[in-house]
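Since the structure comes first, as structure tokens, the remarks are kept for the end.
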Amino acid sequence: MDSLGLLKLSDKLNIPVYNFSTKNKKAFCVQDAIAIDFARIDTDRECKQLLSEELGHVICGALYPLYSCGNTLFQNNIKRQERKALDYSLKLQIPLNELQSAIKSCTDDYEIAERLDIDITTLNEALQYYRRKGAL
């Protein structure tokens, strides 16, 4: 799914996406809303990656309070919430049927990534995710 499709999904799910100027982060979510600094995003691929992960946080309820970020007692919870959001992000960016089709028709990982309009790191994460779930 491309970034326009993700924006349509957020609209359908009534998850507001705000264009919000930031200094440190390009995107973040607060409860049921997403803020993205579109001026700092260089490509549609990057926008897709950021938006899908923030949608993952909101849709899965994979949220954590800001004050917990610097506290080592909360690190396991933060990692767990980030993993949930990333897994959902991978499903949004790379649906299983599209990945399977690309695997069948492409000759190597770089060609698969290009066809799916993702970077090689995202492809590897998706492959690991779908293998972990027993889908590949």
Side-chain angles (χ1 to χ4, degrees):
M1 185 179 305
D2 63 7
S3 59
L4 182 58
L6 292 169
L7 286 169
K8 287 179 182 178
L9 176 64
S10 68
D11 191 46
K12 181 180 175 183
L13 297 174
N14 294 319
I15 300 170
V17 177
Y18 298 103
N19 186 8
F20 189 80
S21 180
T22 64
K23 291 188 180 195
N24 296 327
K25 296 185 70 103
K26 292 182 180 182
F28 62 93
C29 65
V30 178
Q31 291 183 331
D32 62 349
I34 296 170
I36 296 184
D37 191 346
F38 288 102
R40 295 182 58 213
I41 297 174
D42 298 323
T43 64
D44 185 64
R45 186 180 286 183
E46 181 183 19
C47 183
K48 175 174 66 170
Q49 193 171 15
L50 290 167
L51 183 54
S52 65
E53 187 170 344
E54 297 311 324
L55 278 168
H57 279 288
V58 175
I59 292 169
C60 295
L63 306 168
Y64 48 88
L66 188 58
Y67 68 81
S68 66
C69 293
N71 189 329
T72 56
L73 296 175
F74 293 99
Q75 292 307 306
N76 285 336
N77 182 50
I78 291 170
K79 286 178 185 177
R80 198 169 27 258
Q81 301 307 336
E82 289 295 334
R83 170 52 57 196
K84 278 189 206 175
L86 178 61
D87 287 351
Y88 199 86
S89 169
L90 293 168
K91 290 190 308 187
L92 286 174
Q93 290 182 76
I94 312 137
L96 179 59
N97 62 331
E98 290 180 22
L99 178 59
Q100 289 171 326
S101 176
I103 289 170
K104 288 177 185 174
S105 64
C106 297
T107 58
D108 64 25
D109 287 354
Y110 292 97
E111 188 178 348
I112 294 169
E114 191 62 34
R115 178 169 173 192
L116 297 171
D117 192 28
I118 56 174
D119 59 37
I120 198 70
T121 302
T122 303
L123 174 62
N124 289 330
E125 289 171 341
L127 291 169
Q128 288 175 14
Y129 167 74
Y130 284 118
R131 286 180 185 135
R132 197 171 64 241
K133 296 299 180 184
L136 284 179

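Residue numbers run from 1 in the order of the sequence given. Computed from a predicted structure; not experimentally measured.
- Put simply, CG on L90 and NZ on K133 are 11.0 Å apart, with the number rounded to the nearest 0.5 Å.
- Screening residues 91-115 for salt bridge (charged side-chain N to carboxylate O under 4.0 Å, His left out) gives R45-E114 as the qualifying pairs, with residues at least two apart or on separate chains.
- F20 and V17 sit in two unconnected hydrophobic clusters of ILVMFWY residues. Membership requires side-chain heavy atoms under 4.5 Å apart, directly or through other members.
- F38 meets the ring pair (Phe, Tyr, Trp, His ring centres under 6.0 Å) test with no other residue; sequence neighbours excluded.
- Under the 4.5 Å side-chain heavy-atom criterion for ILVMFWY residues, no single connected hydrophobic cluster contains both L63 and F74.
- Between the S105 side chain and the S101 main chain, a donor and an acceptor come within less than 3.5 Å of each other.
- Between C47 and I41, the closest heavy-atom pair is N-CG2, 3.6 Å.
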What donor-acceptor contacts under 3.5 angstrom involve side-chain atoms of residues 24-36, with partners at least two apart or in another chain?
residue: K26; atom: NZ; partner: R40; partner atom: O; Å: 3.4
residue: K26; atom: NZ; partner: E46; partner atom: OE2; Å: 2.5

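- Closest non-hydrogen pair, R131 versus L136, comes out as CG-CB, 4.0 Å.
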**Worked verdict on L99 versus I103 for side chain to side chain contact (heavy atoms under 4.5 Å, CB included)** = CA-CA 6 Å; L99 178 59; I103 289 170; 3.9 Å; yes
**Request:** Show your working on side chain to side chain contact (heavy atoms under 4.5 Å, CB included) between L92 and L51 and close with a plain yes or no.
**Result:** CA-CA 10 Å; L92 286 174; L51 183 54; over 6 Å; no
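- In the hydrophobic clustering of ILVMFWY residues, with side-chain heavy atoms under 4.5 Å counting as a link, I120 and I118 come out together.
- Criterion: ILVMFWY side-chain heavy atoms under 4.5 Å apart, direct or through other members. Under it, M1 and L127 are not part of a common hydrophobic cluster.
- Under the side-chain contact (heavy atoms from CB on, under 4.5 Å) test applied with D119, the options D117, T121, L116 reduce to a single match, T121.
- Rounding to the nearest 0.5 angstrom, the gap separating the CD1 atom in I15 from the CG atom in L7 is 11.5 Å.
- S21 meets the side chain to side chain contact (heavy atoms under 4.5 Å, CB included) test with D37; sequence neighbours excluded.
- Listed by first then second residue, pairs satisfying ring pair (Phe, Tyr, Trp, His ring centres under 6.0 Å) with a partner in residues 98-136 number zero, not counting sequence neighbours.
- Under the side-chain hydrogen bond (donor to acceptor under 3.5 Å, both in side chains) criterion, no residue pair touches residues 5-18, with sequence neighbours excluded.
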Would you tabulate the side-chain donor-acceptor contacts of residues 80-89 under 3.5 Å, counting partners in other chains and residues two or more places apart, or write 'none'?
residue: Q81; atom: NE2; partner: N77; partner atom: OD1; Å: 3.2
residue: E82; atom: OE1; partner: H57; partner atom: NE2; Å: 3.4
residue: E82; atom: OE2; partner: Y64; partner atom: OH; Å: 2.4
residue: R83; atom: NH1; partner: D87; partner atom: OD1; Å: 3.1
residue: D87; atom: OD1; partner: R132; partner atom: NH2; Å: 2.9
residue: D87; atom: OD2; partner: R132; partner atom: NH2; Å: 2.9
residue: S89; atom: OG; partner: S52; partner atom: OG; Å: 2.6
residue: S89; atom: OG; partner: Q93; partner atom: NE2; Å: 2.9

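- Linking Ile, Leu, Val, Met, Phe, Trp and Tyr residues whenever their side-chain heavy atoms come within less than 4.5 Å leaves L55 and L4 in two separate clusters.
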**Request:** Evaluate side chain to side chain contact (heavy atoms under 4.5 Å, CB included) for L96 paired with Q100, printing each intermediate quantity in order.
**Result:** CA-CA 6 Å; L96 179 59; Q100 289 171 326; 3.8 Å; yes
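- Shown here for A126 and I94, the closest heavy-atom pair between the two residues is CB-CD1, 3.6 Å.
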